[in-house]
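Worksheet for the structure shown next.
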Amino acid sequence: MRAAAPHPGPEGPVSVLTRRAEFLAAARAFRQGKPGFALQGRPRGPGEAPEGIRVGFTCSRKVGNAVARNRAKRRLRAVAREVLPGEGRAGWDYVLIGRPGETAARDFAALCADLRAALASVHAKAAAR
RNA sequence: GCGGAUGGCCGGACGGCCGCGAAGGCGACUUCGAGGAAAGUCCGGACUCCAGGGAGAAAUGGCGGCGGGUAACGCCCGCCCGGGGCAACCCGAGGGAAAGCGCCACAGAAAUCAGACCGCCCGCGGCUCCGGUCGCGGGCAAGGGUGAAACGGUGGGGUAAGAGCCCACCGCGCUGCCGGCAACGGGAGCGGCACGGCAAGCCCCGCCAGGAGCAAGGCCAAAUAGGGAUCGCGCGGGGCUCCGGCCCCAGGGCCUCUCCCGCCCGAGCGGUCCGGGUUGGCUGCUCGAGCCUGCCGGCGACGGCAGGCCCAGACGAAUGGCCGUCGGCGCCCUGCAAAGGGCGUCACAGAAUCCGGCUUACAGGCCAUCCGCGCGC
């Protein structure tokens, strides 16, 4: 998954966050809550890889046992694959955070709509800064 | 048919579109990709590193009927004993209480080499309505009552009343006999009853066990200094010499202790602490006490042989997302019924070095064997 993203959208390939420091940096930047999940977004600074969209997923113990956490992560991954290549911005890191119950139960189309709205909101916050 | 006991199995199926991980291929692409518990991390191992090897001891922890299976086990199988059930079958930390210490509450007269409350019997005396009753002395422990448990139980003889006082059976102890590999079982003789429970209290006996864990460990690349503090022991002797050293002996060090062996140091060695570093990649990493089928041995756990098969290896962590058809279950509707339709629902749970077990969780369903009762033949 780290390797090739065979789904290049207008903003370039999507790759995955793997380092703890990158997650912490995203958490300090912009965020937007939604019923099915919460979104954190951060434009990468100078000195970091400038190309492509990167995304990470977080489901804490609060989401449930291992089965529930895996399911929530997989649905978020499917949503990200659907939306990010078109709506995400190159040079940004995004982190999707799962919620107990809702992430697994909410309708898939609604989750996609949530992500589009959350992306617009985060990008607007960055522009206003 | 109803009720029950035991053992085992499955735990959704098929397809479409878009994806993920691994292996192979120049490529198009092909193949493979979660569980019975992957879980809890409770036991047992393999593997790796650390401690120099062996023997013994101590400490600590674990195990505990007997025999067998296994790499091993606290697991499994068979059997024995005790308890429960009409039965199939189930349950049992099931060694030692005449090595010692300790504890047995409450109740009760008395709780361990105990005791006489009510009571039973005899004698004497008083009273008497002649049935008894009271007092004193003596004998006794059958009956009542307490308790988890009362110097063994039941029955008979015996006696003033009683008592293993005597007898039979049972129990207990001792001795030898027979059956069994053994746990143990059977019957015989003797004793005349004396030796209560708790060892998931200490303890004793037998057996087992070094420590840490795949974030083990190894390689590469960066990075770092070949540091500092402190403590213990010791800073001796002899020989050879080409003057660089070499050899021998004291002495010191190396598993908690002792002994033996071995190794190292021999003017340093060893212990502890501080400082520095603790990231990235590769490897370990999946062919194994492996799985399937058949035959043979065994009551069985299991073992042997032959043939076939390759069956996840991720690391912010793949095995998915969205649909369709079918199926199971529940409810409702139509219908005499067969059947049809609608809605809802489909558990517990996700590999992380790998095996063998145990334990716990689990919607729904299936199979086999056995027992009891009822009915039919």
Quantified in whole Å, what is the [atom1] atom distance between nucleotide [N] and nucleotide [M]?
| N | M | atom1 | result |
| --- | --- | --- | --- |
| B:C295 | B:G69 | C1' | 22 Å |
| B:C103 | B:U112 | P | 11 Å |
| B:A352 | B:G284 | C1' | 14 Å |
| B:G67 | B:G53 | P | 35 Å |
| B:G313 | B:A223 | C1' | 33 Å |
| B:G191 | B:C169 | P | 14 Å |
| B:A209 | B:G54 | P | 13 Å |
| B:G294 | B:A13 | P | 25 Å |

Does [N] adopt a syn or an anti glycosidic conformation, taking syn as a chi angle within 90° of 0?
| N | value |
| --- | --- |
| B:A34 | syn |
| B:G131 | syn |
| B:G303 | anti |
| B:C106 | anti |
| B:G36 | syn |

Watson-Crick or G-U wobble partner for [N], using a 3.5 Å limit on both distances?
| N | answer |
| --- | --- |
| B:C214 | none |
| B:C130 | none |
| B:A57 | B:U256 |
| B:G300 | none |
| B:U154 | B:A168 |
| B:C309 | B:G290 |
| B:A105 | none |
| B:U41 | none |

Is the shortest heavy-atom distance from the side chain of [X] to the side chain of [Y] under 4.5 Å?
| X | Y | value |
| --- | --- | --- |
| A:R106 | A:D114 | yes |
| A:V63 | A:T103 | no |
| A:F57 | A:R69 | no |
| A:P43 | A:F30 | yes |
| A:Q40 | A:I97 | yes |

Review point. Is the backbone N or O of A:W92 less than 3.5 Å from a side-chain atom of A:R44, with the two atoms forming a donor-acceptor pair by type?
Key: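 Looks like yes, one N/O pair under 3.5 Å.
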
Practice item. Using atom types as modelled and distance alone, determine if a side-chain donor or acceptor of A:R42 lies under 3.5 Å from a backbone N or O of A:D93. Key: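 No, A:R42 side chain to A:D93 backbone: no donor-acceptor pair under 3.5 Å.
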
Check your understanding: For A:F57 and B:G316, do the ring centres fall under 5.5 Å apart while the planes stay under 30° apart?
Key ->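 So A:F57 does not count as stacking on the base.
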
Length of the line joining [X]:[atom1] and [N]:[atom2], which is rounded to integer Å:
| X | N | atom1 | atom2 | value |
| --- | --- | --- | --- | --- |
| A:N65 | B:C348 | CG | P | 9 Å |
| A:N70 | B:A349 | CG | C1' | 11 Å |
| A:Q40 | B:G316 | CD | P | 19 Å |
| A:L76 | B:G316 | CG | C1' | 14 Å |
| A:K73 | B:U319 | NZ | C1' | 14 Å |

Review point. Same cluster or not: are A:V67 and A:L76 linked, directly or through other Ile, Leu, Val, Met, Phe, Trp or Tyr residues, by side-chain heavy atoms under 4.5 angstrom apart?
Key: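 The answer is no; the residues belong to distinct hydrophobic clusters.
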
Check: protein-nucleotides 320-324 of chain B nitrogen or oxygen pairs below 3.5 Å:
residue	atom	partner	partner atom	Å
B:G321	OP1	A:R71	NH1	2.1
B:C322	OP1	A:R75	NE	3.2
B:C322	OP1	A:R75	NH2	2.4

Check your understanding: CG of A:L96 to OG1 of A:T58: how many Å apart, nearest 0.5 Å?
Key ->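 OG1 of A:T58 is found 9.0 Å from CG of A:L96.
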
**Study point:** Of A:G56 and A:A68, the one whose closest RNA chain B nucleotide lies more 5'
**Key:**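 By nearest-heavy-atom nucleotide position, the 5'-most residue is A:G56.
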
